[in-house]
Amino acid sequence: GVVMGLVGPQGKALDGRSLPGRDTRDGLSSHMEFQKRGLGNSSLQQNEGRKVLEGVHYKVAVRESPPFVMYNDNASHGCVGYSMDWLDQLSMKLGFSFQVTRLPANIGTEDLVKMVQERKDGINFSIASITLTADRSKKVIFSTPYVDVTLRVIVLQSVSKSSFWQFLEPFSKSAWLGIIGVFTVTFFSLAYLEGQVNDRDFRHDSPIKNCFLGFYHMFVGALQQTTMNAETAEGRLFLSSGLFFFFIISATYTAQLATFLTRITPTSAILDIDNDGIITEQDLRYFSANMTVIQGSPAGNWFHREVRYLTGDEIYCRDLTDCLDQITSGYAVGTVYDGAIAEYAIGTSTKYQRLRLIGAPFYPEGYGLIFSRSEPQQHINFFNKEILEGRSVGFSDDLMKKWFSGVVATAAATDTTNLRLGIRELGGIFAVAWILLALGWLYFYSQKLRILKLFSPPRQHFISLPPFAKVERARELLNVLENTGRLPNESLQVHLLMRVVLESTIESDLAALALKNHSTWSDPEDPMPQGSIGN
């Protein structure tokens, strides 16, 4: 939850008198007690039946700072949030009307203070997440703080929980299901189509064995150990699809797995050095060189004054989003920011779910309305009175419950869900694999339906007689087969088939040669005349 604290302004009070104490809890108490005593005058009381600021119209400048001010075109004034609810409450109690001017995101706090100081574009006052400081009090008049906040330390939780199935962490469940689907379709397609013609890598007589062989060939291919020799065009497409897909997937998985298995397990990058059970300013000094802050902000000024004494290669960020991005990327180990805004930003964004607020609250401060110094002091006192009364009756607490109770709890530090690769990240690889598989099946059915043959020229078939050298080569192969029991690079089924073929070839070729002993054909290297063999 948001840690509540009280803060008092440094410098002077609203009427110019000096206030005792520095910017601490006691300082704000003295400031508020002074205003309570001053508001007892009858001149500040409302007239019977009439609100004190009825008929007064203000032009109010706001700057988006969730959850205090959030732009919403559907809202009555174009904004919603904690501060806007306070503005509606003050308007209802005091009777004034107002017009909201929404400022662009590039307007900083100091620019906003200057706009109110100079009453630029007719702006009377501003309500946003503006911290009361002594320097700003010299330029504008702050109201009583309508909310008290403290600074908190924000770090990245870089731990991971051990798991028996941690090797599956790199990919999401949907990605693993997709990989299994591509693998299954690929090896089934190879087993079905290549198994009908490829007697070297498959068995024609056993579809079940062919499925296992298809699984085996795809598995060893994915491991880049060996590949089968596809004998059909569709088989080559299937094999290309599988090898391409699993080569990319295996490389991606290896890189991701190294990230998950080497994750460290400290509580945070900022540790309790003095072992007093909580992160304090003294602990932050050991890590200050690697922490980032917004230069010139109240949090940044406090950090330089109380934590980082030395100057040098310092890390700065432009705004809260930039600070959180630097921590998430590992560029900085942590930052210091207003606890309420930081907690809301972390709790409502999945991008920052691995960030966490740690340590004790630092430097109590408050957000107040800022008025131009030309604004009548009596009007400002009316605002102060209603803010004090609203806080005393619990209105501020009700707003805390409204705007902060719905904040999603920060994800556990062990959560690695956002680091996993899913179907969206791997979608291009899946698309290429499925396209190649589809082309393979399309080619297969086009062959089966003789679609491609309609566009192919007819083949001319002819029979040539075997030369004498072919007979000698067949004899050599037969001798090798009889002596060694095998032929090079051939399967057992091919061995048996080749033996029968070789024996038949030798017999038929010798018969053809003997038949021509009585003819004019004498050169065994030349083919026989056509029609000389009757069989």
Indicate yes or no for a side-chain donor-acceptor contact from [X] to the backbone of [Y] under 3.5 Å, with no hydrogens or angles considered.
X: Lys51; Y: Met92; answer: yes
X: Thr186; Y: Val182; answer: yes
X: Asn72; Y: Gly78; answer: no
X: Thr335; Y: Thr292; answer: yes
X: Thr328; Y: Leu324; answer: yes
X: Arg119; Y: Phe125; answer: no

Just wondering, do [Y] and [X] contact through their side chains at under 4.5 Å, heavy atoms?
X: Val60; Y: Leu87; value: yes
X: Phe142; Y: Ser137; value: yes
X: Thr321; Y: Tyr352; value: yes
X: Phe68; Y: Trp86; value: no
X: Ile341; Y: Ser129; value: yes
X: Lys351; Y: Asp325; value: yes
X: Ser143; Y: Ile387; value: yes
X: Leu94; Y: Phe382; value: yes

(message) Assess the residue pair Tyr146 and Ser83 against the criterion (side chain to side chain donor-acceptor pair (under 3.5 Å)); give the C-alpha distance rounded to whole Å, side-chain angles, the decisive distance to 0.1 Å, and a yes or no.
(response) CA-CA 8 Å; Tyr146 60 87; Ser83 299; 2.8 Å; yes

Verify whether the ring centers belonging to [X] and [Y] lie closer than 6.0 Å.
X: Trp403; Y: Tyr82; value: no
X: Phe187; Y: Phe238; value: no
X: Phe96; Y: Phe383; value: yes
X: Phe98; Y: Tyr58; value: no
X: Phe245; Y: Phe430; value: yes

(request) Please lay out, stage by stage, how Ile154 and Tyr337 fare under the test side chain to side chain contact (heavy atoms under 4.5 Å, CB included). (result) CA-CA 8 Å; Ile154 309 166; Tyr337 203 79; 4.1 Å; yes

(request) Dump the intermediate steps for side chain to side chain donor-acceptor pair (under 3.5 Å) on Gln377 and Asn381, then the final yes or no. (result) CA-CA 6 Å; Gln377 183 64 51; Asn381 290 340; 3.2 Å; yes

(message) For Tyr71, does the six-membered ring have the charged nitrogen or CZ of Arg63 within the cation-pi criterion, i.e. under 6.0 angstrom from the centroid and within 45° of the normal?
(response) no

(request) Go through Tyr316 and Ile294 one step at a time and tell me if the side chain to side chain contact (heavy atoms under 4.5 Å, CB included) criterion holds. (result) CA-CA 6 Å; Tyr316 293 108; Ile294 303 176; over 6 Å; no

Between the side chains of [Y] and [X], is the shortest nitrogen-to-carboxylate-oxygen separation below 4.0 Å, so that they form an ion pair?
X: Arg102; Y: Asp73; answer: yes
X: Asp111; Y: Lys120; answer: no
X: Glu110; Y: Arg136; answer: yes
X: Asp121; Y: Lys59; answer: no

(request) Working to the nearest 0.5 Å, report the span between CD1 of Ile346 and CG of Leu357. (result) 5.0 Å

(message) Please determine whether side chain to side chain donor-acceptor pair (under 3.5 Å) holds for the pair Thr131 and Thr133, giving the CA-CA distance in whole Å, both sets of side-chain angles, and the decisive distance to 0.1 Å.
(response) CA-CA 6 Å; Thr131 306; Thr133 65; over 6 Å; no

(request) Begin with the C-alpha distance, continue with both residues' side-chain angles, and end with the deciding distance and a verdict on side chain to side chain contact (heavy atoms under 4.5 Å, CB included) for Val336 and Met291. (result) CA-CA 8 Å; Val336 177; Met291 295 181 65; 3.9 Å; yes

(request) Output, in order, the C-alpha distance, side-chain angles, deciding distance and verdict of side chain to side chain contact (heavy atoms under 4.5 Å, CB included) for Leu132 and Glu365. (result) CA-CA 7 Å; Leu132 191 156; Glu365 57 187 10; over 6 Å; no

(message) For Gln117 versus Lys139, what's the shortest heavy-atom pair and its separation?
(response) CG-O, 3.5 Å

